[in-house]
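Taking it in order: structure first as structure tokens, then the write-up.
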2 protein chains.
Amino acid sequence: MKNIETCGAHGLHKETVENVKKSILKDETINDLAMFFKVFGDPTRIKIMYALYLGEMCVCDIATSLHLSQSAASHQLRTLKTARLVKYRREGKAIYYSLDDDHVIKVLEQGISHITHI
Amino acid sequence: MKNIETCGAHGLHKETVENVKKSILKDETINDLAMFFKVFGDPTRIKIMYALYLGEMCVCDIATSLHLSQSAASHQLRTLKTARLVKYRREGKAIYYSLDDDHVIKVLEQGISHITHI
DNA sequence: TAAACATATGAACACATGCTCATGCATTCA
DNA sequence: TGAATGCATGAGCATGTGTTCATATGTTTA
């Protein structure tokens, strides 16, 4: 990492820098936040979450309706499950997934409202 | 992509599949959404956004207070600028960045409220 | 119990991402 | 005008990510 101590503004903005340094969130919080949003940062997972917003679905139906391979759907559902964004229940051979949290749809709505400039 | 037409559930859940197929968002919307959230999915960018939430800052101060190289800060600011999450103004040699949108902090708050299980 | 079915998982690959390093560009000032 | 300052940018590299393919696991049914 390059040294930037030559920045002449340091004198002028020392307060700003100190303020940020003491207010910055904990590393753990930052990382958890990033991981949380990273899960939303993939088109396939957004499609899956949106589909589940319409109602509980088995893996096979998710894959079929979103034109995914069974394996791809399963891998992504694992990611969503790990992030506790979806939950599941078994019914015979099928496993039904659904959204685990109301935050999910609220976060999606915030995103939609942003990209549509509202 | 593996064929999964053998899934016996197709008969049972045909309605579900059709419902998703007709309700699914446009590909463009999905991709825009994913790109939007992807920007939040990195610890460095979250730190920068949080710092800017405290107030307008020049690149040098951002880099200094967050222990980033000038180059790393600049690259990430470019990403944030492209996503229209930050704006900037020049004042002499310095360039001051600030949050471009109230959505930014709302989205972050939603994320925080999720990871803290509220 | 064997076969069929629904889903999960691991390896491998192509591609994306974030950093550093070197350098270029714009602005100010001596 | 030339040197110094603040920032941007491109190349290159290490690492991360999403998919497919092959196969394993768990459940039902003949």
Side-chain angles (χ1 to χ4, degrees), chain A residues 1-13 16-17 30-31 34-35 37-48 56-64 66-83 86-97, chain B residues 1-13 16-17 30-31 34-35 37-48 56-64 66-83 86-97:
Chain A
M1 178 177 131
K2 216 168 191 176
N3 200 328
I4 51 171
E5 287 185 12
T6 52
C7 175
H10 280 183
L12 286 171
H13 306 132
T16 302
V17 171
I30 296 280
N31 289 331
M35 285 202 298
F37 286 118
K38 195 171 288 188
V39 178
F40 288 84
D42 176 78
T44 302
R45 285 192 291 269
I46 290 189
K47 283 181 203 166
I48 292 177
E56 185 188 57
M57 292 177 76
C58 71
V59 176
C60 181
D61 286 346
I62 293 171
T64 303
L66 301 180
H67 306 291
L68 298 170
S69 70
Q70 177 269 319
S71 181
S74 188
H75 277 296
Q76 296 294 18
L77 285 165
R78 180 178 154 85
T79 299
L80 292 168
K81 189 169 51 179
T82 301
V86 302
K87 59 181 188 295
Y88 66 97
R89 66 180 180 87
R90 181 179 276 277
E91 188 177 308
K93 282 175 290 191
I95 294 185
Y96 290 87
Y97 281 86
Chain B
M1 180 176 129
K2 217 166 191 176
N3 199 327
I4 51 170
E5 286 185 13
T6 51
C7 175
H10 280 185
L12 285 171
H13 307 132
T16 302
V17 171
I30 297 281
N31 289 331
M35 286 202 298
F37 286 118
K38 195 171 290 188
V39 179
F40 287 84
D42 176 78
T44 301
R45 286 192 291 270
I46 291 189
K47 283 181 203 168
I48 292 177
E56 185 187 58
M57 291 176 77
C58 71
V59 177
C60 181
D61 286 345
I62 293 170
T64 302
L66 301 180
H67 305 291
L68 298 169
S69 71
Q70 177 269 316
S71 180
S74 188
H75 277 296
Q76 296 294 18
L77 284 165
R78 180 177 154 86
T79 299
L80 292 167
K81 189 169 52 181
T82 302
V86 303
K87 59 182 188 295
Y88 66 96
R89 66 182 180 84
R90 179 180 278 275
E91 188 178 306
K93 283 174 290 190
I95 295 185
Y96 290 86
Y97 282 86

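Chain letters run A, B, ... following the sequence lines, proteins first, then strands; residues in each count from 1.
As a whole-Å value, the separation of B:Ile95 CD1 from C:dT27 C1' is 10 Å. Here D:dT9 presents its P atom at 5 Å from CZ of B:Arg78, a figure rounded to the nearest Å. For A:Lys47 and D:dG18, the NZ to C1' distance is 13 Å, given to the nearest whole Å. Between B:Ile48 atom CD1 and D:dC7 atom C1' there is a gap of 14 Å when expressed in whole angstrom units. Straight-line distance from the OH atom of B:Tyr96 to the P atom of D:dA8: 13 Å, rounded to whole Å. Between the P atom of C:dT7 and the NZ atom of A:Lys81 lies a distance of 12 Å, rounded to the nearest Å. Nucleotide D:dT17 holds its C1' atom 14 Å from the CG atom of A:Leu80, rounded to whole Å. For the pair B:His13 NE2 and C:dA6 P, the computed distance is 10 Å after rounding to whole Å.
In this structure, the side chains of B:Phe37 and A:Ile46 come closer than 4.5 Å at one or more pairs of heavy atoms. Here the side chains of A:Asp42 and A:Gln76 are in contact, with some heavy-atom distance below 4.5 Å. Put simply, the side chain of B:Ile48 reaches to within 4.5 Å of the side chain of B:Leu68, judged on heavy atoms.
Side-chain atoms of B:Gln70 and base atoms of D:dA8 include a donor and an acceptor less than 3.5 Å apart. Side-chain atoms of A:Ser69 and base atoms of D:dT19 include no donor and acceptor less than 3.5 Å apart.
Remark: A:Thr44 OG1 to A:Ile62 CD1 distance equals 12.0 Å, nearest 0.5 Å. Within the model, atoms OH of A:Tyr88 and CG of A:Leu77 stand 11.5 Å from one another, a figure rounded to the nearest 0.5 Å. Rounding to the nearest 0.5 Å gives a distance of 8.0 Å between NE2 of A:His75 and OG of A:Ser69. Atom-to-atom distance recorded for B:Asp61:CG and B:Glu56:CD is 10.5 Å, nearest 0.5 angstrom. Note that the NZ atom of A:Lys38 and the CE atom of A:Met35 stand 8.5 Å from one another [nearest 0.5 Å].
Looking only at distances, a side-chain donor or acceptor of A:Arg90 sits under 3.5 Å from a matching main-chain atom of A:Gly92.
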Would you list the protein and nucleotides 24-30 of chain D atom pairs, both N or O, that sit under 3.5 Å from each other?
none

If you restrict it to nitrogen or oxygen atoms, what contacts under 3.5 Å exist between nucleotides 16-18 of chain C and the protein, and what is each distance?
unit_1, atom_1, unit_2, atom_2, d
C:dG18, OP1, B:Arg45, NH2, 2.9
C:dG18, OP2, B:Arg45, NH1, 3.1

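Remark: B:Lys87 pairs with B:Ser98, B:Asp100 by the side-chain contact (heavy atoms from CB on, under 4.5 Å) rule, at least two apart or across chains. Listed by chain and number, the residues in a side-chain contact (heavy atoms from CB on, under 4.5 Å) with B:Ser74 are B:Gln70 (sequence neighbours excluded). Listed by chain and number, the residues in a side-chain contact (heavy atoms from CB on, under 4.5 Å) with A:Ala94 are A:Cys58, A:Tyr96 (sequence neighbours excluded).
Overall, the helix from C:dT1-D:dA30 to C:dA30-D:dT1 carries an axis bend of 10° between its ends, with five pairs at each end and the value rounded to 10°.
Closest to the side chain of A:Ser74, from the set C:dT7, D:dC7, D:dT9, is C:dT7. Set against C:dA8, C:dC21, C:dA11, the side chain of B:His75 has C:dC21 as its closest nucleotide.
Proximity of A:Tyr88 to the phosphate of C:dA8: no side-chain N or O atom is located under 4.0 Å from OP1 or OP2. Phosphate contact (OP1/OP2 of D:dA8, side-chain N/O of B:Tyr97, threshold under 4.0 Å): present.
Positionally, the nearest nucleotide of DNA chain D for B:Ala94 lies more toward the 5' end than for the other of B:Ala94 and B:Ser71.
Residue A:Ala72 is classed as a base contact, given a heavy-atom separation below 4.0 Å to a base.
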